[in-house]
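By convention here, the first residue in the shown sequence is residue 1. Everything numeric here is computed off the predicted structure, so don't read it as measured data.
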Amino acid sequence: MKKRTEKVLGLLMAATMVLGMTGCGSGSGEKEPDEPQVSASIQEEDVLDEGASEKESGSDITWTNDDSVEITILMSGDATPNEDNLVLQELEKQTGTNINIIYVNGTDLATKLNTMIAGGDVPDIFWSGLTDVEDYKKAGMLADMEAVLNAEAPNVMEETKDIIREMPANKDGIYMIPNMGRSYSTNINIRTDWLENLGLDMPTDLESFAEVMHAFTYDDPDQNGVDDTFGYSFSLSTLTAANSCCPNIFGAFGIAKRRDMVMEDGNVTTWVKHPHFLEAMQYIKRLIDDGVCEPDYVSIPTMSMFEKFWNGTSGCMEWECVGPTNNWMPGRYTENPAPEIGFTILEGPYGDAGTAANYVSSTEGWVVSADCKNMEGVARIANYLMTEEGSNLLYLGVEGVMYNWVDKEAGTIERLGEYADDAVHRANGGYCYWQLFSPASNALLRTLNKQTREGVQLAYDNPIDWAYVEGISEVYAEYGADMDQIINEMIAELLAADEADMQDIYDSYIAEWESVGGSDWETEVTALWNAQNE
């Protein structure tokens, strides 16, 4: 934490020196190095270029509003849009702003941002996490957007109303604007055509699930007369990953996999200390011992695991349903016709069911430079993009030019003319910028097919709560890798052990985990949690 702060502040100092050496504060609208950033009550000549207008509250300026100044946005993605493209042109038209989007590969984002900061050319809008935001705030680098958002961005304030004022970065204003789109939760994807072939119902609890997995392995579910199937796909590498495999099985025991939890005594701790964790591991081991799981689960690569689902070897896999029933349909599957897949939720012995709750991130978001000369223009951009129309533009392109809707209810579109070609579509901005001020019901979600949207919602509607701690843990920053490694090794050993030995193995690893930083982390993160919930 300390080293990272020193690095950021060092860059900020370098940026300040550059500003100082280029004649800042001479009427150009730039500030002197020792002056505060733009804020309410600063006079016009301190913050605005000649010809700029401003919004006033009495005699005080509340935000900048120079539409002649280009708004610079730094963001990352995996496409290569042209610098000037149809989507960007339409966004400028809809928001009455001049926009320059600096678009870099995701791995280059931090380097590009640091370079721009050091060069005194901070982008007007950029993405940041909580740790860096706190450093930027201390350096006076970020704008408090509360007044202008309240006045000019009603869509933003309505869309984010349940989170924006509770974000740690926003305790003393609004410095961070969240994306409201959530990542996908994990579903149990199960072949309903195999259920039909065997005369079985969709499993709804752990016992019926074990019975179905047994039948998928031993009762010839594809009716080809060959012993060439098994029930449940998973791998050790995805079992130890954050969501991936088995979160619904853990959820059936009330456990949010790979998430922190609050114990009955109010202390926050790791998910593997849940009182039913060993029971969940024993259930997974039961499936392994019955021979109904991926036989090479210890070493199989993720893509090879997928392939066994694609080629009809496996009948069930816990994964985001977007893959099995949308993105992989029908091209990934080797069978003709493609398999029929449905979703289910499994109830456990204590009445629990679901998967780890999927929260909107409150520790990262879009921030605005305090040197921005058109904060009202920024508010207009955010306000437009937090709508269905704005989200459609960034994801799908210009309607009537790049695409048309075929069936909005079904989420189907047709791309038009040359824009049917992915390269041309992306060069003109399609699919490139959709994560900029993303609303909850974004175009990515709305263009999934109906079944997949229902699967996504099924997982969202059955959350296993967990302790979403917003603060930064210095203990975890130092010891987290060792702590996680001990947990991963414990999981692997538990799956290979005799059931009679599992408790001793578990106790030994938990003691080691506590000794390498776990106990200190529990103390720290509990304090953060308590402060967060006061």
Side-chain angles (χ1 to χ4, degrees), residues 29 38 48-49 51-55 63-106 108-109 112-113 115-117 119-128 142-143 145 148-149 151-153 155-156 159 176-179 365-399 401-402 419 425-439 442-443:
V38 177
L48 297 177
D49 288 329
S53 61
E54 73 279 351
K55 295 292 181 180
W63 61 78
T64 56
N65 179 34
D66 185 353
D67 285 335
S68 69
V69 176
E70 187 176 68
I71 294 173
T72 302
I73 303 172
L74 175 65
M75 65 182 302
S76 65
D78 57 2
T80 53
N82 297 332
E83 285 190 21
D84 184 28
N85 57 68
L86 293 180
V87 169
L88 188 53
Q89 292 168 15
E90 184 67 15
L91 181 59
E92 290 179 322
K93 174 183 175 182
Q94 292 295 330
T95 60
T97 56
N98 298 313
I99 302 171
N100 173 30
I101 296 183
I102 302 171
Y103 192 88
V104 298
N105 185 278
D108 299 329
L109 181 63
K112 181 64 175 179
L113 177 60
T115 300
M116 293 182 73
I117 291 172
D121 187 23
V122 183
D124 294 309
I125 302 171
F126 60 97
W127 183 263
S128 186
L142 299 184
M145 296 291 291
V148 66
L149 291 175
E152 302 294 333
N155 297 330
V156 173
E159 180 75 10
M176 179 181 283
I177 303 171
N179 273 350
W366 297 101
V367 297
V368 180
S369 168
D371 287 332
C372 177
K373 299 301 185 295
N374 191 5
M375 295 177 189
E376 186 173 323
V378 170
R380 291 198 304 268
I381 292 170
N383 195 60
Y384 175 70
L385 294 181
M386 286 269 185
T387 65
E388 182 176 308
E389 179 184 351
S391 180
N392 288 349
L393 172 64
L394 294 197
Y395 190 66
L396 302 173
V398 181
E399 186 172 2
V401 177
M402 299 173 68
Y419 305 106
H425 188 251
R426 284 164 172 75
N428 282 276
Y431 298 141
C432 295
Y433 312 123
W434 65 273
Q435 294 192 63
L436 181 62
F437 300 116
S438 173
N442 52 65

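A distance of 5.5 Å separates CG in L88 from CD1 in I99, rounded to the nearest 0.5 Å. We find the OG1-CD1 distance between T72 and I101 to be 10.0 Å, quoted to the nearest 0.5 Å. The distance from atom CH2 of W63 to atom CD of E376, rounded to the nearest 0.5 Å, is 6.5 Å. Between M386 atom CE and S438 atom OG the span is 7.0 Å, to the nearest 0.5 Å. Rounded to the nearest 0.5 angstrom, E90 CD and L393 CG are separated by 6.0 Å. Atom-to-atom distance recorded for W366:CH2 and F126:CZ is 10.5 Å, nearest 0.5 angstrom.
In this structure the side chain of I71 reaches within 4.5 angstrom of the side chain of I73, judged on heavy atoms. Between I125 and L74, the closest side-chain pair of non-hydrogen atoms is not below 4.5 Å. When side chains are defined from C-beta on, M145 counts as touching V378, because their heavy atoms get closer than 4.5 Å. The shortest side-chain heavy-atom distance between S76 and D108 does not fall under the 4.5 Å cut-off. Counting heavy atoms from C-beta outward, N155 and L385 have side chains that stay 4.5 Å or more apart. Residues M375 and N65 have side chains not in contact (no heavy-atom distance under 4.5 Å, counting atoms from C-beta outward). Taking 4.5 Å as the limit, every side-chain heavy atom of N383 sits out of range of all side-chain heavy atoms of E152. Counting heavy atoms from C-beta outward, N428 and V87 have side chains that stay 4.5 Å or more apart.
With H425 contributing its side chain and G397 its backbone, the two residues share no donor-acceptor pair below 3.5 Å. Side chain of T97 to main chain of I381: no donor-acceptor pair is present (N/O by atom type, distance under 3.5 Å, no hydrogens or angles). Of the possible donor and acceptor atoms, none in the side chain of D371 sits under 3.5 Å from a partner among the backbone N and O of D124. Of the possible donor and acceptor atoms, one in the side chain of T387 sits under 3.5 Å from a partner among the backbone N and O of Y384.
When all heavy atoms of A443 and N392 are compared, the pair lying nearest together is CB-OD1, 3.5 Å. C432 and A79 make their closest contact through SG-CB, 3.6 Å (heavy atoms, listed as atom of the first residue, atom of the second, distance). Scanning all heavy atoms of the two residues, the minimum distance from P123 to S369 falls at O-CB, 3.3 Å.
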Checklist line | Candidate pair N442 and W434, rule side chain to side chain donor-acceptor pair (under 3.5 Å), full reasoning | finding: CA-CA 8 Å; N442 52 65; W434 65 273; over 6 Å; no
Item checked: CA sep, side-chain torsions, deciding dist, call: L396, M402, side-chain contact (heavy atoms from CB on, under 4.5 Å) -> CA-CA 8 Å; L396 302 173; M402 299 173 68; over 6 Å; no
Item checked: Residue pair L436, W127: steps toward the side-chain contact (heavy atoms from CB on, under 4.5 Å) verdict -> CA-CA 9 Å; L436 181 62; W127 183 263; over 6 Å; no
Next item on the list: Would you sort out whether L149 and I177 count as a side-chain contact (heavy atoms from CB on, under 4.5 Å), showing the intermediate values?
Entry: CA-CA 10 Å; L149 291 175; I177 303 171; 3.9 Å; yes
Next item on the list: Evaluate the criterion side-chain contact (heavy atoms from CB on, under 4.5 Å) for residue pair Q94 and E389; output intermediate values, then yes/no.
Entry: CA-CA 10 Å; Q94 292 295 330; E389 179 184 351; 3.8 Å; yes
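Taking the side chain to side chain donor-acceptor pair (under 3.5 Å) definition, one finds that R426 meets it with nothing, sequence neighbours left out. Looking at residues two or more places apart in sequence or on another chain, you find a side chain to side chain donor-acceptor pair (under 3.5 Å) between N374 and D67. Partners of N100 under the side chain to side chain donor-acceptor pair (under 3.5 Å) rule, at least two apart in sequence or in another chain, do not exist in this structure.
Checked by atom type, the side-chain pair Q89/D84 shows a donor-acceptor distance below 3.5 Å.
Evaluated for a side-chain contact (heavy atoms from CB on, under 4.5 Å) with K112, the options I117, V104, N105 yield exactly one hit, V104.
Separation of the Y433 and Y103 ring centroids falls under the 6.0 Å cut-off.
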